[in-house]
Amino acid sequence: MILISACLVGKNVRYDGGNKLNDKLKKLVDDGYAKSICPEILGGLTTPREPAEIVNGDGFDVWNHQAKVVTISGEDVTEQYKVGALETLNICKRLGCDTLILKADSPSCGSQKIYSGDFNGTKKEGSGVLTALLTLHNIKVEDETNYSLLLDERRAADHSEQKTSNK
Ligand code: SF4
């Protein structure tokens, strides 16, 4: 089972009340091949909500108590981000999910870059809070820019399993 960021499959869960629909990823969910999750909603945050960024590091630093997630008006929402990430990890384990396709650049879901923490539109290298937790549990994270290879690998594995079971 694959889990996908809910905003990528058209659910209006982003901080601004919108989504980032990717038709190919939505089809994976519609066809029963994947399910969607939003860690920030699972953590108790609402839509719309204030934008938030990780200050003083990235998701790994949040779990090491060296960085915080803070909204643009200065509210500390670190706890909600951690609760949502832990709940997503639980769901992932329950479903036997070994890979997630998560929205790039998000303070929860980002896996290559995240926003800098200065609320000025710049990005820095690093992972979001959820991605860091999943990585610490050896669960693979891709984003909407690099997931195609993963699906090709899955199809090849399914195909070879089918061939073996047909022998
Ligand atoms: S990027 Fe992740 S946390 Fe943000 S809206 Fe999408 S699914 Fe939710």
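Throughout, residue positions are numbered sequentially from 1 according to the sequence presented. Counting starts at 1 for both ligands and their atoms, in listed order.
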Exercise. Which pairs count as side-chain hydrogen bond (donor to acceptor under 3.5 Å, both in side chains) when at least one residue sits in residues 52-63, sequence neighbours excluded?
Worked result: none
Exercise. Between K27 and D23, is there a salt bridge with N-O shorter than 4.0 Å?
Worked result: no
For this session: Tell me, please, which residues at least two apart from V77 pass side chain to side chain contact (heavy atoms under 4.5 Å, CB included).
Result: L45, A52, V69, T71, E75, Q80, Y81
Problem set entry | Sidechain N-carboxylate O distance under 4.0 Å for K123, D105 | yes
For this session: Number the atoms of ligand 1 from 1 as they appear, then name those within less than 4.0 Å of a heavy atom of R49, with their elements.
Result: 5 (S)
Exercise. Going from CE on M1 to CG on L100, what distance comes out if it is rounded to the nearest 0.5 angstrom?
Worked result: 11.5 Å
Exercise. Which residues and atoms, counting only protein N, O or S, are under 2.8 Å from atom 8 (Fe) of ligand 1?
Worked result: C38 SG
Problem set entry | Residues that K82 engages under side-chain hydrogen bond (donor to acceptor under 3.5 Å, both in side chains), provided they are two or more places apart | none
